[in-house]
2 protein chains.
Amino acid sequence: MRKTIERRSGVALWRQIADGMRLAINNGDYDDTGMMPSEATLAETFGVNRHTVRSALASLADEGMVRSVQGVGTLIERRDRLTFPISRRTRFSQGLGGQAKELEGRLVHQTIEPASPIVAKALNLATGIGCVRLETVGIADGKPISAATSYFPADRFSMIGDVYARTGSITRALAELGIDDYVRCSTEISASHAEGIDLRLLKLSPGAILLVTTSVNADTDGRPIQYSRSRFAADRVRFFVET
Amino acid sequence: MRKTIERRSGVALWRQIADGMRLAINNGDYDDTGMMPSEATLAETFGVNRHTVRSALASLADEGMVRSVQGVGTLIERRDRLTFPISRRTRFSQGLGGQAKELEGRLVHQTIEPASPIVAKALNLATGIGCVRLETVGIADGKPISAATSYFPADRFSMIGDVYARTGSITRALAELGIDDYVRCSTEISASHAEGIDLRLLKLSPGAILLVTTSVNADTDGRPIQYSRSRFAADRVRFFVET
DNA sequence: GCATATTTGTCCGTATGTATT
DNA sequence: TAATACATACGGACAAATATG
């Protein structure tokens, strides 16, 4: 199978090749052997010089995806894409049963600020009403999966940052604050290149892709309680919508 | 607002900047004036030379996003990210009401082939049963939005390729073949870099992002009739899930 | 019409990164 | 490892088109 590599496109050949190989690995293309083809074979496949393939493999090795062993070949170290169900009952920490051994939510930052027009509309508040903003990172088996910015009405949830920091879960934090149950109203999904702080929070390399969800959760009375924008490392997750 | 541009990352600065500006345009950041800031301002914002900004703008002009006029500035020509609802009633040609003037489905290729294990499982058939495979492209206002590979059981839908080629719509093609109504059972969503034929079909440049959906449609009796893998140009669409 | 500031377009040269042989 | 070719990025200077008062 001959891959398409474009020159003079503003993307270095080695990066295009690295992206292609990462895709193939996550796709399970090399699952039978657990190894990459030889550098010579890859160079032939992509139609480039072996040096260029080596640059691509070095980049993948850098992010822990593969490991090259002299005299043996290039071993695949990691291949995993978690499946997140999206439904009325969507929670970060549930629905992943068995897919990850350890789940953790970490509070990066919290502030109280007046609601912007967008946040106000989503939470059904007047613009300028105080909101708690949480910056959080979701971690599965020690690997950062998502970075999220969440807004809660400050009148009802002024303490949620502290509780979340202690419990590591929005669901548990809301439970302590009297919300036994809540539902996902809507989810908007898009994709973009990772930028700025997300590169660092999610330990991504430039050019990496984010799956971005914008969602609203409401209590059982239908009152909005949380507006979030979550950025998922696209090569680690997929979403599943049952309709 | 200072954007993060990474050097020595394997992605040319002008491309990172072009991607950032495309994102901002689609995000509506410049809607008040309908123009980009001056090249000098952009160069300052991104912390690069004006020539580099010009390369990025040239690339955006190339894809019809902006148009530069000497002495005036750089005008925004197009700003569009279609919102696709995902629900039990998901169809390409519906739910886009008003978002695009002209919608079209084009048949690229069709074959009849035995069902692979994955296709067979999705369509609830035995492996090896004949299936019609359609390669299609969805076009809105003359711009390719999605490329899709669809499988239908050949016994019931052997003619669907021809009907689709004539009608330009899966829904209408199924209607002619006796399926008045059908529902979306499940949708899986992921994202990856565009590769190979998708670059050409969707007229994308390397490094572009795809939103990939894998879905199953069934008739009203619950029998699966269509299994599809659709690749959407991520900078032209978003998905919306109501739950 | 005129002068001036602003903005894009084009040219020069130089240094560095990328890819091949 | 070295030599080569090309793409990328920067800096500066000036021309051409447009907007403003």
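Below, chains carry the letters A, B, ... as their sequence lines are ordered, and counting in each starts from 1.
As rounded to whole Å, 16 Å separates atom P of D:dG11 from atom CZ of B:R54. Distance CD (B:E39) to P (C:dA5): 20 Å, rounded to an integer number of Å. One interatomic measurement links the two molecules: CG of A:L13 to C1' of C:dT18, which rounds to 8 Å at whole-angstrom precision. Residue B:L57 contributes atom CG, which lies 14 Å from atom P of C:dT7 at whole-angstrom precision. When the C1' atom of D:dA7 is taken as reference, atom CH2 of A:W14 falls 15 Å away, rounded to whole Å. The interatomic distance linking B:M35 (CE) with C:dT6 (P) rounds to 15 Å, in whole Å. Rounded to a whole Å, the CG atom of A:N49 is 14 Å from the C1' atom of D:dT4. In this structure, the CD1 atom of B:I17 is 12 Å from the C1' atom of D:dT8, given to the nearest Å.
Using a 4.0 Å heavy-atom distance criterion, B:T74 is classed as a sugar-phosphate-only contact.
When distances are taken from the side chain of A:H51 to each of D:dA19, C:dT21, D:dG11, the shortest belongs to C:dT21. Side chain of B:Q70, nearest nucleotide from C:dT8, D:dC10, C:dT20: C:dT8.
In this structure, the separation between CZ on B:R67 and CE on B:M36 is 14.5 Å, given to the nearest 0.5 Å. One finds the CG atom of B:L75 at 13.5 Å from the CE atom of B:M65 (value rounded to the nearest 0.5 Å).
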Quiz item: What's the verdict on side chain to side chain contact (heavy atoms under 4.5 Å, CB included) for A:I197 and A:R200, showing C-alpha distance, side-chain angles and the deciding distance?
Solution: CA-CA 5 Å; A:I197 196 169; A:R200 193 167 54 76; 3.7 Å; yes
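Not one side-chain nitrogen or oxygen of B:R50 sits closer than 4.0 Å to the OP1 or OP2 atom of D:dC10.
For B:F232 and B:F84, the distance between ring centers is under 6.0 angstrom.
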